[in-house]
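Data first, discussion second: the structure below is written as structure tokens.
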Amino acid sequence: MNDHLLSALESIYGDAAPDQVDRYEDALSAFRRAYGPGPVTVFRAPGRVNLIGEHTDYNHGYVLPAALDKDVLLLARLRGDREVRLANVEADFPQRNFAVSASIQTADSGDWSNYARGAAQELARTLGGNVPGFDGLVSSAAPLGVPRGAGVSSSSALTVVMAVALAHFAQWTPSATQMALFCSDAEWYVGTRGGIMDQFIALLGQRDHALFLDCRPVDGTFRHEAIPLPQDYRLLVVNSGVHHANVRNEFNQRVAACRAGVAILRREFPGITHLRDVEDQDWVDLEALLPETTTVTELKDAGHDLGDLPNVPADAALRVMACCRHVWSENRRVLAAVDAMQHNDITHLGDLLNDAHTSARDHYRISTPELEVLVDAARAVDGCVGARLTGAGWGGCIVALVHHESVDEFQQRIPPVYKAQTGLDAGVFPCQASPGAGMVLQMMV
Ligand code: GLA
């Protein structure tokens, strides 16, 4: 076994490093087959699970995610031109080539290379076009890669790993905050108006810690703090295996509902820009000012412009009151969750996770029947103190906080219950909070 490889892996995966060796060696061999012998640099970026703080980031609120030990690898070799050639160890993702420029043609909607193109275009714009290309190979297959379509940010991990590699070859050395903002802008290339959580945690994750992030910038910086995960408890992630098709449109409609709330509240609170600005108000006072629903057309007629939001039909009912209520209350739950973790008050932490789920289901309306089955099944296991959907919603995963002695029971009990009620397979895996993205090693193949 290659000692250089193993010691690089130990610094990232700790005791689980030996489980990674075959995967890295396979990827290195595949790279050599694709591009021939020579130097290679290996980069990685993790997926994430959000403990609490859903749909708060684009409202300048608070989030509390952790980086998974499931990650996307990118093996790359600098080229002498602007061309990026990208292969993938999985046959479902065919080879894609494009030239780095400030205006890169998008591939078909849903094509895996769009995340890579977004990062490359953003970097060419940032650095004024001076970005070299590379030959690359992506490895993110199960079980050690980031599950796709599961709401654990496989797409952000791909964007981030691309950005880290491109920046490395262009000798651009941004701060982690600069890089996270850069990657968040790069993802807008694919049309989702998401926030900054996924990119920050992919870059700033720390082993055994969640990341408290205040998504409101102050003088260009963001307050963040690594919060130790509870010692006797594990975060278990359960993938429903269901992923709804038009999440992007639904997502943007929720963003629109929040922006509508801000526009309407601005009459009473001049100068506010995000829901975060009314966090200290009493909800009853805010509720009295908000309509249950409105539309883009009605807002326009009243002189409010919601900004650039693709795929929000002008006549779609935006559920302003309920969406704002979720965001307002979720921010408070995140702060309370950090406090509970710092005081080792696990019962309270569990209750907050449960409340967050109720709010996401009833107010933001992002749950699904499958996620409900999983949340109920999880809570029925002794030793599970709380469970909620995690990520954007409309399918994907739940996260549960489970006493370490109940982990085996949890892993055994959930899949059959889920199968019996839905006919589907649930994938259960523990979140071993891992370090953020970066270069893993350089070597010859
Ligand atoms: C997606 C977005 C994030 C965040 C979550 C919901 O993952 O990319 O920015 O908004 O949904 O919390």
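One-based numbering, in listed order, for ligands and for the atoms of each. Any value given below was found using the heavy atoms of this structure, including those in side chains, with hydrogens, waters and symmetry copies removed. Fair warning: this is a prediction, and the values are worked out from it, not measured in the lab.
For ligand 1, the atoms closer than 4.0 angstrom to any heavy atom of Asp57 are 3 (C), 4 (C), 9 (O), 10 (O). Counting atoms of ligand 1 from 1 in the listed order, those under 4.0 Å from a heavy atom of Phe251 are 1 (C), 2 (C), 10 (O), 11 (O). Those atoms of ligand 1 with a heavy atom of Glu54 less than 4.0 angstrom away are 6 (C), 12 (O). Listed by number with element, the atoms of ligand 1 under 4.0 Å from a non-hydrogen atom of Met197 are 4 (C), 5 (C), 12 (O). Applying the 4.0 Å criterion to heavy atoms of Arg48 picks out, from ligand 1, the atoms 7 (O). Shown in contact with Tyr58 at under 4.0 Å from a heavy atom are these atoms of ligand 1, numbered in order with element: 10 (O).
Note that CE of Met197 is 9.5 Å distant from OH of Tyr58, once rounded to the nearest 0.5 Å.
In terms of polar-atom proximity, defined here as any N/O pair under 3.5 Å, Ser153 makes no such contact with ligand 1. Checked by distance only, ligand 1 and Gly195 come closer than 3.5 Å through their nitrogen or oxygen atoms.
Looking at Arg254 against ligand 1, nothing comes within 4.0 Å, counting heavy atoms.
Put simply, the side chain of Trp112 reaches to within 4.5 Å of the side chain of Pro94, judged on heavy atoms. A heavy-atom distance below 4.5 Å is found between the side chains of Leu306 and Leu318.
Between His274 and His60, the distance from one ring center to the other falls under 6.0 angstrom. A ring-centre distance under 6.0 Å is not found for Phe212 and His224.
At distances below 3.5 Å, not a single donor-acceptor pair connects side-chain atoms of Ser156 with backbone N or O atoms of Ser153.
In this structure, Trp394 and Phe251 have tilted ring planes: the angle between them lies in the 30° to 60° band.
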